Amino acid sequence: IVFGSALPRNEIGKLADWTIDSKAVAMTLAQALEKLKAEHRPVAQSQEFTVDLMQPDDAWGVARLFYQVYGDSFPFATYYIPERLLEENRLRLLFSTVAHTEAGDIIGVGGMFRSSAPHPGVYEIGSHVIHPAYRNSRAALALQEHIKDVLIPQQKVEISFSEAPCHQVVTQKIGAMSGLVETALE
């Protein structure tokens, strides 16, 4: 990770006070996508699930979920490359929370990440993805509640915020149901 007064740009081009040295990650995005494309692992519907902080064994399931939902079009490579996802969590740049079944399927993921805020105690809540078979379940709300009630206090996050896009009404509703307060439109 590089820190410094000359702020680098993160993966989406925003100014950031950090960047990952991806040379240390063995798998490339192309290799990860190739492996994900070759896999076909259906997820059974209506399984019970629990929500907890992502563990190392969950990382490939998170990559699989992002691929199942977005194909290869999600704009952040981190979520397709398990090593990189684990490294960003280890470095406290990202905290991932997962909803997983007893069968080991990751049916939802959400988290907090360092975005463009210059203060290291500020995290954005986001990157929530729910498997299509579980979009009518409590998975999204359970992830949000875990982040708010467990993850934020556990990690001593000073300030958290979320950007609920105007075209994603469900994101706005989940924010309101979990007690987030509307403060601005971007």
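All heavy atoms count here, side chains included; hydrogens, waters and symmetry mates do not. Since the structure is predicted, the reported quantities are computational estimates derived from the model, not experimental observations.
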SB check R90 E87 (cutoff 4.0 Å): yes

Whether E39 side chain and L36 backbone form a donor-acceptor pair below 3.5 Å: no

Side-chain heavy atoms of T50 within contact of H100, under 4.5 Å: yes

Student check: side-chain heavy atoms of M54 and N89 closer than 4.5 Å: yes

Contacts of type salt bridge (charged side-chain N to carboxylate O under 4.0 Å, His left out), residue D105, not counting sequence neighbours: R41

Flag, side chain of D149 to backbone of H146, donor-acceptor distance under 3.5 Å: no

SB check E88 R84 (cutoff 4.0 Å): yes

Neighbour count above 12 (heavy atom, 6.0 Å) for E102 CD: no

Aromatic ring pairing F76/Y79, orientation class (parallel under 30°, perpendicular over 60°, tilted between): perpendicular

Side chain proximity check, Y134 to S46, heavy atoms < 4.5 angstrom: no

Side chains of L33 and L29 in contact at under 4.5 Å (non-hydrogen atoms): yes

Validation row: D52, T97 side chains within 4.5 angstrom (heavy atoms): no

Test item: V122 and V157 side chains (from C-beta on) under 4.5 Å apart, heavy atoms: no

Shared hydrophobic cluster, Y70 / W60 (ILVMFWY, side-chain heavy atoms < 4.5 Å): yes

Exceeds 12 heavy-atom contacts within 6.0 angstrom, atom CD of E34: no

Q155 side-chain N/O to P153 backbone N/O, donor-acceptor pair under 3.5 Å: no

F74-I130 co-clustered via ILVMFWY side chain contacts under 4.5 Å: no

Smallest separation among heavy atoms of A32 and I81, with atom names: CB-CG1, 4.1 Å

Nearest atoms (heavy-atom pairs only) where A99 meets L143: N-CD2, 3.8 Å

Shortest non-hydrogen separation from Y80 to G71 and the atoms involved: OH-O, 2.6 Å

Transitive ILVMFWY side-chain link M27 to V62, under 4.5 Å: yes

Verify same cluster id: I107, V129 (apolar side-chain graph, 4.5 Å): no

Closest approach of Q47 to A103 (non-hydrogen atoms, all atoms of both residues): OE1-CB, 3.4 Å

Stepwise side-chain contact (heavy atoms from CB on, under 4.5 Å) check, E124 with M112: CA-CA 5 Å; E124 182 173 345; M112 294 186 311; over 6 Å; no

Straight-line distance of L141 CG to H128 NE2, nearest 0.5 Å: 9.5 Å

side-chain contact (heavy atoms from CB on, under 4.5 Å) between S96 and F113, intermediate numbers included: CA-CA 8 Å; S96 299; F113 53 90; over 6 Å; no

With R138 via salt bridge (charged side-chain N to carboxylate O under 4.0 Å, His left out) - residues at least two apart: E145

Shared hydrophobic cluster for L94 and V51 (ILVMFWY, side-chain gaps under 4.5 Å): no

ring-ring contact (aromatic ring centres under 6.0 Å, His included) involving Y123 - partner list, sequence neighbours excluded: F95

Q68 vs H131 side-chain heavy atoms within contact, under 4.5 Å: yes

Close side-chain approach of F66 to V109, heavy-atom, < 4.5 Å: yes

Exercise: identify the closest heavy-atom pair between P132 and V69: CD-CG2, 4.0 Å

Point-to-point distance, once rounded to the nearest 0.5 Å, from CD of E158 to CD1 of I152: 12.5 Å

L86, L85, L93 screened by side chain to side chain contact (heavy atoms under 4.5 Å, CB included) with T78, the one that passes: L85

